[in-house]
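Worksheet: the structure to be examined is printed underneath.
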Amino acid sequence: MTPVSPADLAARIAARHRLGEALVVGITGSAAVGKTTLARQIAEALPADLKVEIVSTDGFLKPNAVLEAEGLSMRKGFPESYDRAAMAAALAGLQHGAVTVPAYSHTSYDVDPAAARTISGADVVLVEGLGLAPDASGQRPPLDLLIYIDAAEDDIIAWFLARFMGLWEAAANDPSSFYARFRHMSEDEARQFALSVWNGINRPNWLEHIALARPVADIVVVKALDHSLSI
């Protein structure tokens, strides 16, 4: 394995960019593996003369009301929980012109219509999140480049628990937070609940669906517990 930095990845992406064209780069991997963080680090490392946008695929999740009506409330993040047609159309459109992309609130744990934004004239669009694995036919979403973040499961669990507990703690002062509903739990109970969510939802989704993006990715980045990267 060779150590690699976000700046190294940014250099590879910049080398692929062609003047007058938007380069659409996907960044995927398990929940809590650091997709959002890596997207931000790459964006900061790209040349200043490139206009860079970051899009989260979370915005293409079906609203909670729709998921509930379809019996998918416990399948959020699985392929069927996304508006895949809308996401594919947006990804394709990013390469050609202005596209309005939806947004998601991790506080309300739902799509936030008020936060939708229009992206136009970008040189590089970093699309981070789930839903970027091939479909049943093996077709990859319309991306110019796909980066897959891999890591040991124990490390992913540690990051997942840390994120969940951070949101749980923050909800103590924010009754509007989705995580406020878990504040009746003790810290140990909340941690055990989060672990059950990983084992019952996130782990199966990772192994059965998300990981299918690994063999078709253009770049596979391996992340260690200390957040160092290698390829």
Side-chain angles (χ1 to χ4, degrees), residues 3-61 77 82-108 110-134 139-150 163 210 213-214 216-221 223 227-231:
V4 68
S5 68
D8 295 329
L9 297 172
R12 291 191 181 202
I13 291 169
R16 292 280 297 267
H17 176 254
R18 296 293 177 264
L19 187 64
E21 299 178 5
L23 186 74
V24 182
V25 180
I27 301 174
T28 195
S30 168
V33 80
K35 301 177 291 294
T36 302
T37 298
L38 183 59
R40 184 183 69 250
Q41 292 171 333
I42 290 174
E44 292 171 350
L46 282 165
D49 61 341
L50 293 180
K51 181 181 179 181
V52 183
E53 296 278 3
I54 299 176
V55 173
S56 172
T57 63
D58 287 348
F60 295 98
L61 283 163
Y82 287 90
D83 185 339
R84 292 178 68 87
M87 182 159 63
L91 292 178
L94 287 169
Q95 299 171 326
H96 305 294
V99 173
T100 298
V101 295
Y104 185 86
S105 169
H106 285 277
T107 300
S108 67
D110 203 355
V111 176
D112 183 1
R117 74 187 200 277
T118 298
I119 293 178
S120 177
D123 296 300
V124 177
V125 183
L126 302 173
V127 182
E128 59 88 9
L130 308 183
L132 299 179
Q139 181 67 37
R140 198 174 86 173
L143 300 164
D144 297 306
L145 191 71
L146 178 60
I147 299 172
Y148 183 87
I149 308 174
D150 204 2
R163 184 177 71 179
I210 301 165
R214 192 185 194 283
V216 301
D218 300 289
I219 302 173
V220 176
V221 177
K223 184 178 180 182
H227 302 287
S228 60
L229 305 175
S230 59
I231 55 176

Under 3.5 Å, which donor-acceptor pairs link side chains of residues 116-132 to any protein atom two or more places apart or in another chain?
from : atom 1 : to   : atom 2 : distance (Å)
R117 : NH2    : I54  : O      : 2.4
T118 : OG1    : T100 : OG1    : 2.9
D123 : OD2    : K51  : N      : 2.7
E128 : OE1    : T36  : OG1    : 3.2
E128 : OE2    : T36  : OG1    : 3.1

(request) With the side chain counted from C-beta on, respond yes when V220 and I147 share a heavy-atom pair under 4.5 Å apart, and no when they do not. (result) no
(request) For R12, enumerate each residue passing the salt bridge (Lys or Arg N to Asp or Glu O under 4.0 Å) test, keeping only those at least two apart in sequence or located in another chain. (result) none
(request) Could you check if a side-chain atom of Y104 sits within less than 4.5 angstrom of a side-chain atom of S56, using non-hydrogen atoms only? (result) no
(message) Which heavy atom of A45 sits nearest to which heavy atom of A7, and what is that distance?
(response) CB-CA, 3.8 Å
Side-chain donor-acceptor pairs of residues 88-98 under 3.5 Å, sequence neighbours excluded:
from : atom 1 : to   : atom 2 : distance (Å)
Q95  : NE2    : D144 : OD1    : 3.1
Q95  : NE2    : D144 : OD2    : 3.3

(request) Could you list the residues that satisfy side chain to side chain contact (heavy atoms under 4.5 Å, CB included) with A103, not counting sequence neighbours? (result) A115
(message) Using a strict threshold of under 4.0 Å (side-chain N to carboxylate O), is an ion pair present between R140 and D218?
(response) yes
(message) Going by side chain to side chain contact (heavy atoms under 4.5 Å, CB included), name the residues that satisfy it together with A22, two or more places apart in sequence or in a different chain.
(response) none
(message) So, using side-chain hydrogen bond (donor to acceptor under 3.5 Å, both in side chains) as the criterion, who are the partners of D8 when residues are at least two apart?
(response) S5
(message) Applying side-chain hydrogen bond (donor to acceptor under 3.5 Å, both in side chains), can you list everything that pairs with S230, at least two apart in sequence or on another chain?
(response) none
(request) Output the distance between atom CG (L46) and atom CG (L23), rounded to the nearest 0.5 Å. (result) 9.5 Å
(request) Could you list the residues that satisfy salt bridge (Lys or Arg N to Asp or Glu O under 4.0 Å) with D112, not counting sequence neighbours? (result) none
(request) Taking the side chain as every heavy atom from C-beta outward, state whether T37 and H227 have any pair of such atoms under 4.5 Å apart. (result) no
(request) Give every residue pair that meets the side chain to side chain donor-acceptor pair (under 3.5 Å) criterion with at least one member in residues 18-30, sequence neighbours excluded. (result) none
(message) Do I210 and Y148 have side chains that approach each other closer than 4.5 Å (heavy atoms only, starting at C-beta)?
(response) yes
(request) With the side chain counted from C-beta on, respond yes when P6 and L229 share a heavy-atom pair under 4.5 Å apart, and no when they do not. (result) yes
(request) Taking only Lys NZ, Arg NE, NH1 and NH2, and the carboxylate oxygens of Asp or Glu, determine whether D150 and K223 approach each other closer than 4.0 Å. (result) no
(request) Please identify each residue that fulfils side-chain hydrogen bond (donor to acceptor under 3.5 Å, both in side chains) with Q41, with sequence neighbours left out. (result) none
(request) Taking salt bridge (Lys or Arg N to Asp or Glu O under 4.0 Å) as the test, write out the residues that go with R163, two or more places apart. (result) none
(request) Could you pull out all residues at least two apart from T107 that satisfy side-chain hydrogen bond (donor to acceptor under 3.5 Å, both in side chains)? (result) none
(request) Supply the atom-to-atom distance I27 CD1 to L146 CG, rounded to the nearest 0.5 angstrom. (result) 9.5 Å
(request) Provide the closest heavy-atom pair for T57 versus Y82 in the form atom of the first, atom of the second, distance. (result) O-CE2, 3.3 Å
